[in-house]
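Here's the structure, in structure tokens; my notes come after.
To find a chain, count down the sequence lines: A is the first, B the second, and so on, and within it residues start at 1.
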There are 2 protein chains.
Amino acid sequence: MRPTVHDIAAEAGVSLATVDRVLNNRPGVRSVTRDKVERAIATLGYVRDVAAANLAKGRSYSLIFILPAGENSFMRGLEAEVRAAMAHSPAERTEIAILSVPAFDARALADAVAEAHRRRPAGVAVVAVDAPEVTQAVKRLREDGIAVVTLVSDLPGSMRDHFAGVDNIAAGRTAGNLMGRFLGDRPGPVAVVAGSMLVRDHRERLEGFQGVMRQCFETRLLLPVVEGQDDAALVEKLVGALIERHPDLAGIYSLGAGNRGLVAAVEKAGREMKICAIAHELTPHSRAALLSGTIDVLLNQDAGHEVRSAIRVLKAKADGLAVIEAQERIRIDIFLKDNLPIEQA
Amino acid sequence: MRPTVHDIAAEAGVSLATVDRVLNNRPGVRSVTRDKVERAIATLGYVRDVAAANLAKGRSYSLIFILPAGENSFMRGLEAEVRAAMAHSPAERTEIAILSVPAFDARALADAVAEAHRRRPAGVAVVAVDAPEVTQAVKRLREDGIAVVTLVSDLPGSMRDHFAGVDNIAAGRTAGNLMGRFLGDRPGPVAVVAGSMLVRDHRERLEGFQGVMRQCFETRLLLPVVEGQDDAALVEKLVGALIERHPDLAGIYSLGAGNRGLVAAVEKAGREMKICAIAHELTPHSRAALLSGTIDVLLNQDAGHEVRSAIRVLKAKADGLAVIEAQERIRIDIFLKDNLPIEQA
DNA sequence: ATATTTTTGATTTACGTACATCAAAACTTC
DNA sequence: GAAGTTTTGATGTACGTAAATCAAAAATAT
């Protein structure tokens, strides 16, 4: 049997109350006594029974998720994952609320953060837009002792506790490497379609992609990046124009959302087998395009993992516990049509 | 507050004892009463507080992991993950033991399974060798009500409860797709190095790889597969011979272990930049080779995920609970040098 | 109707921790 | 050494469930 608080009390020759005071660092214990207890804990290898502890305190964590609105499939999937977590919340002793804000709107986001602040939750998860007013609002949260995790897109300098998302520079580099190798000696320029340079994840992907292309495939012409605002209709127009202007277009890297538009434009031009298309995020549409061959590679971040990691981290931070960063790393999934997971219901 | 057993008793108009009888299906409840209670459970949306339940029963699960011995880095990593799980075992109410057996030895493995059987654990996880005596031994475990999960390599027809590993056919197809695309129009044949056709995961990877190569890259010559027994020295010899016999060798798919040998042979021949090498499993050696460029792609299965999934499933099965298969799927990681995770301590 | 069996209720203890209260003891300080 | 302060002990209740016991009630059989 694993040791309990009683065993520690016996081993240390103190009372249960004192052990409790040490374990939950309550005041009123001499440092000599504290040492005795801590030694007993170490020699017995005591670990707190988390289940029993949670049962006893019966506390619950209130968390707020701030997510962008709009019809971006990935974000809707993310929201679905948050709602799934809400469904389990009684079992996890969490109370989760969602705040929805317009995409790419720093002002609205800063307001939402302030609103979250007013509600005084234990923690906040936010898909960040990289702007000073947002940074300030997040800083204020932190100064008030509220845990903050950035989700999907980071916000350095905001003192956020943790970033739950992928390494977007690595993602961009990976896309660049695959693009370069897939194209081989085939001639023609490569286009990049982003959502908006206002969000850090897009900027970082671009940086990684351009870095690898310039470094390892320096003969390949890179067209200037166009911004599609993660909007399918706009992306379709932009990509259509690109294809028209560059009949020899060899590849497209779409590092944001709005892939419906990308697919529509490429297929309308009848160039689905000629253009190497690399895009982000597995959605019903992008999955279909990968299977049909219009998209060649999908880079993906698992929204479910990100949400669950964010919740774990927020709970830990709210308790003042350390987070094992390595365990919370979100990996970049690379999907070809051959390793696509079975579709889920 | 979420409802408790007391609330159910009140709602159903029965005593706590009766609720307990229904919840833990103990005998001695009329079906009318049972229905009443079940209706109360449904209307209140009661869910058992697992933490409290575990605390109350104070049960612990004894599990046995049967792993191959030898210096295969992946298997050693797997064992390290099991030991890591053992370290947390007090908190998880599990007692894990490891049985080590010679690799690719069906007879020894069947004996080990029988030994595990004798110890009457709640569950067994086994890296399977696909042979009739192993299948039989596993069947006997299952007939005795012991939960069984196959790990890394599956054993269909053994009535195992679950397979904790990747879809190896998809892994092989992915390797094939990448090999075909990376080579493009470059001439030269492609070689395949396996560990042993005795284990199902290697057979399946081969099947997937050959399938894609024949189907999508039909002009590419595929050399007959050679078996390196996951032994670095043997692999080095075999690959060295292959390179010598086929000076125009364009690619090598190493679907088993022993990558140290692969790397050594390719580098000795000075062909690290000419041969496209795709291998499996991220280890210190393969990581170095990926970074240096000798290996172009690494397919990986996360040993930690597999072990933790196996433990979750074994515990669930031991309790007679259902497993959400989709949640336990192990994904195939694809690593290029650009998306390699930071090295861990 | 009585005897017998089955079903239900009431109550208690236990799991390991958290948290609160009050009294007793051990230190300080002057 | 008395008064004050700090530290420690003893004890109890609570969390939500499991599991057991024994008595009471209801159903069934005779």
**Item:** Stretch residues 3-15 of chain B: residues that reach within less than 4.0 Å of DNA chain C through a heavy atom
**Value:**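 B/Gly13, B/Val14, B/Ser15 - these, ordered by number, are the residues of the stretch whose heavy atoms sit under 4.0 Å from the strand.
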
Rounded to the Å, how far apart are [X] [atom1] and [N] [atom2]?
| X | N | atom1 | atom2 | result |
| --- | --- | --- | --- | --- |
| A/Lys36 | C/dA26 | NZ | P | 12 Å |
| B/Leu55 | C/dA18 | CG | P | 12 Å |
| A/Asn25 | C/dC19 | CG | P | 11 Å |
| A/Asp49 | D/dC15 | CG | C1' | 13 Å |
| A/Asn54 | D/dC15 | CG | C1' | 11 Å |
| A/Arg48 | C/dG16 | CZ | C1' | 11 Å |

Would you mind listing every salt bridge (charged side-chain N to carboxylate O under 4.0 Å, His left out) that reaches into [range], with sequence neighbours excluded?
| range | result |
| --- | --- |
| residues 14-31 of chain B | B/Asp20-B/Arg26 |
| residues 134-157 of chain A | A/Arg120-A/Asp144, A/Arg142-A/Asp161, A/Asp154-A/Arg160 |
| residues 4-18 of chain A | none |

**Asked** What do you reckon, is CD of A/Glu133 surrounded by more than 12 foreign heavy atoms closer than 6.0 Å?
**Response**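 Correct, the count exceeds 12.
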
**Request:** Answer with base, sugar-phosphate or nothing: what part of the nucleic acid does B/Gly28 contact at a heavy-atom distance below 4.0 Å?
**Result:**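 It contacts base atoms.
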
**Prompt:** A/Asp167 and A/Arg329: salt bridge (Lys or Arg N to Asp or Glu O under 4.0 Å), yes or no, with the steps?
**Reply:** CA-CA 9 Å; A/Asp167 177 342; A/Arg329 184 167 34 242; over 6 Å; no

**Request:** Please state whether the phosphate of C/dA26, meaning OP1 or OP2, lies under 4.0 angstrom from any side-chain nitrogen or oxygen of A/Arg30.
**Result:**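 No.
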
For residues 34-41 of chain B, please give each side-chain donor-acceptor pair under 3.5 Å, one per line with the distance, not counting sequence neighbours.
none

Check residues 306-316 of chain A and write down every donor-acceptor pair under 3.5 Å in which the side-chain atom is one partner and the other belongs to a residue at least two apart or another chain.
residue	atom	partner	partner atom	Å
A/Ser309	OG	A/Glu328	OE1	2.7
A/Arg312	NE	A/Glu328	OE1	3.4
A/Arg312	NE	A/Glu328	OE2	3.0
A/Arg312	NH2	A/Glu328	OE1	2.9
A/Lys315	NZ	A/Glu92	O	2.8

**Prompt:** What residues, two or more places apart in sequence or in another chain, satisfy side chain to side chain contact (heavy atoms under 4.5 Å, CB included) together with A/Asp111?
**Reply:** none

Tabulated below should be each protein N or O lying under 3.5 Å from an N or O of nucleotides 19-23 of chain D; please produce it.
residue	atom	partner	partner atom	Å
D/dA19	OP2	B/Arg26	NH1	3.2
D/dA19	OP2	B/Arg26	NH2	3.3

**Request:** List in chain and number order the residues that pass salt bridge (charged side-chain N to carboxylate O under 4.0 Å, His left out) with B/Glu79, two or more places apart in sequence or in another chain; answer none if no residue qualifies.
**Result:**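 Partners of B/Glu79 under the salt bridge (charged side-chain N to carboxylate O under 4.0 Å, His left out) test: B/Arg76, B/Arg83.
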
**Prompt:** How do A/Val29 and B/Leu23 order along DNA chain D: which one's closest nucleotide is nearer the 5' end?
**Reply:**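 On the 5' side of the pair lies A/Val29.
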
